[in-house]
Amino acid sequence: MSSPANLLLADLASSGVKQIPTSYIRPISDRPNLSDVQISDVPIPLIDLHGLNGPNHSLIIKQISQACGNDGFFQVKNHGIPEEMIGNVMNIARQFFNLPASERLKSYSDDPTKNTRLSTSFNVKTEQISSWRDFLRLHCYPLEEYVHEWPCNPPSFRRDVAEYCTSIRGLVLKLLEAISESLGLERDYIDEKLGKHGQHMAMNYYPPCPQPELTYGLPGHTDPNLITILLQDDVPGLQVLRNGKWIAVNPIPNTFIINIGDQMQVLSNDRYKSVLHRAVVNCNKERISIPTFYCPSKDAVIAPPKELIDDDHPAVYRDFTYGEYYERFWNRGLVKECCLDLFKSL
């Protein structure tokens, strides 16, 4: 095994490097151009879920429909997940990445088939240019199948993360019902199309970067899954593409950012959009983000619903399994061209 400094970015970054290694430097045509990024007071819609089961139900469904169709992203507040639980999972992530390298490396693997693994960049085996991040990837549904594989240091890791995963799944199921309804489908339609369901999450660690204008935390990409629930700390980094311009999405405390994934775009027959987004880094502060990826099981067949197909709206995509889709996505890596084009109807 290589020395820890060769395996994990955090240890390289903390060694006081003044220039990033050439393996992280993007070509000039593919750099963040941070001065061109727009900062908006409300870059993506903020939806209050408080009245979802009450008198505001139809208004919230309409807001979700507009956000999914126009932006592909929205934020939610009054989502029902306690602030204390959010604080606990963020603290656990920070504690994990502050462990000595020897302790963190117990979870290290560059094998993408492992359900629990610490790694760096995106796919160290195939990519030409590295991304400025380390990540801990955890599968978390069904919880009992995976929790024993998770790190047991910090000591409360398994307990705190399991509570968080379970609560996030509850929020996802609530959102899936609302999104189904917003498409004019039965409320359980999307839920029923996911097979046994899958849920995994990443704890992303973006160390301070001495030359943030030359690299990415993660380059522009769409998410291959169904829906993503993002928790981020108070350090900006997420940017979303809108009308050809990158928009910075600055954190709002105690909210989650929701984005539509590629499978939801298919299940909406292109009414809802899976939108390019990226993570940029900065030279002063570390950043932690915790996305939860909710997805179909690998054998689930994904296809546009017949209810959304007519003469004016033919089926945009052929039927495929999620396993087939994800394999294509992983092998291609994070590229700006969405994998969906490979699955369009002829």
Side-chain angles (χ1 to χ4, degrees), residues 32 34 37-52 56 59-94 133 160-161 163-165 167-172 174-175 178-179 182 201-206 208 212 217-218 220 223 227-243 245-261 272-282 284-294:
L34 298 171
V37 174
Q38 298 180 353
I39 297 176
S40 161
D41 288 340
V42 188
I44 57 175
L46 176 59
I47 298 176
D48 186 343
L49 296 182
H50 176 64
L52 187 58
N56 289 337
L59 172 64
I60 296 170
I61 296 297
K62 185 178 180 183
Q63 290 173 339
I64 288 173
S65 174
Q66 290 173 338
C68 293
N70 297 335
D71 299 274
F73 269 79
F74 57 97
Q75 303 170 82
V76 293
K77 64 179 183 178
N78 290 321
H79 39 65
I81 297 182
E83 206 166 337
E84 182 182 11
M85 187 181 292
I86 291 171
N88 285 347
V89 78
M90 191 58 78
N91 286 338
I92 280 289
R94 188 163 276 110
R133 76 154 183 167
D160 289 345
V161 177
E163 284 181 354
Y164 177 79
C165 289
S167 292
I168 286 289
R169 181 168 184 267
L171 173 59
V172 168
K174 191 160 63 173
L175 288 170
I179 291 170
S182 76
M201 65 187 287
M203 292 179 168
N204 292 323
Y205 178 74
Y206 304 99
L218 281 173
D223 286 353
I227 190 171
T228 302
I229 315 288
L230 177 70
L231 173 64
Q232 52 180 346
D233 66 10
D234 59 355
V235 179
L238 174 66
Q239 298 181 349
V240 175
L241 193 68
R242 179 195 279 158
N243 300 325
K245 288 279 188 186
W246 288 103
I247 310 284
V249 182
N250 291 337
I252 300 173
N254 204 34
T255 63
F256 291 100
I257 291 172
I258 316 297
N259 73 276
I260 295 304
Y272 293 168
K273 301 300 182 208
S274 179
V275 171
L276 281 169
H277 53 285
R278 67 187 188 183
V280 298
V281 291
N282 71 84
N284 297 316
K285 290 184 173 180
E286 66 183 18
R287 175 175 178 257
I288 291 176
S289 72
I290 305 177
T292 294
F293 307 102
Y294 209 82

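None of these values were measured; they are calculated from a predicted model.
- Of the possible donor and acceptor atoms, none in the side chain of Glu286 sits under 3.5 Å from a partner among the backbone N and O of Tyr205.
- Taking the side chain as every heavy atom from C-beta outward, Phe293 and Asp223 approach each other to under 4.5 Å.
- Residues Met90 and Ile290 meet the side-chain proximity criterion, which asks for heavy atoms closer than 4.5 Å.
- Between Arg94 atom CZ and Met203 atom CE the span is 11.0 Å, to the nearest 0.5 Å.
- A donor-acceptor pair under 3.5 Å is formed between the side chain of Arg278 and the backbone N or O of Pro32.
- At a threshold of 4.5 Å between non-hydrogen side-chain atoms, the residues Lys77 and Ile252 do not count as touching.
- For the atom pair NE2 (His277) and CG (Leu241), the distance works out to 11.5 Å, reported to the nearest 0.5 Å.
- A distance of 6.5 Å separates CD1 of Ile81 from OH of Tyr164, quoted to the nearest 0.5 Å.
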Using the rule given for side chain to side chain contact (heavy atoms under 4.5 Å, CB included), can you reason through Tyr272 versus Ile179, listing the C-alpha separation, both sets of side-chain angles and the distance that settles it, and then say yes or no? CA-CA 10 Å; Tyr272 293 168; Ile179 291 170; 3.9 Å; yes
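- At a threshold of 4.5 Å between non-hydrogen side-chain atoms, the residues Leu218 and Tyr206 count as touching.
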Using the rule given for side chain to side chain contact (heavy atoms under 4.5 Å, CB included), can you reason through Ile229 versus Leu175, listing the C-alpha separation, both sets of side-chain angles and the distance that settles it, and then say yes or no? CA-CA 10 Å; Ile229 315 288; Leu175 288 170; 3.9 Å; yes
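- Between the side chain of Asn56 and the main chain of Leu59, no donor-acceptor pair closer than 3.5 Å is present.
- Side chains of Leu238 and Arg287 form a contact here, defined as non-hydrogen atoms less than 4.5 Å apart.
- Distance alone, capped at 3.5 Å, places no donor-acceptor pair between the Ser65 side chain and the Ile61 backbone.
- Here the side chains of Asn284 and Pro208 are not in contact, with every heavy-atom distance at 4.5 Å or above.
- Put simply, the side chain of His79 never gets that close to the backbone of Ile168: no donor and acceptor are under 3.5 Å apart.
- Side-chain contact between Val275 and Asn259: absent, with no pair of heavy atoms (C-beta onward) separated by less than 4.5 Å.
- Within the 3.5 Å criterion, the main-chain N or O of Ile44 finds no donor-acceptor partner in the side chain of Asp71.
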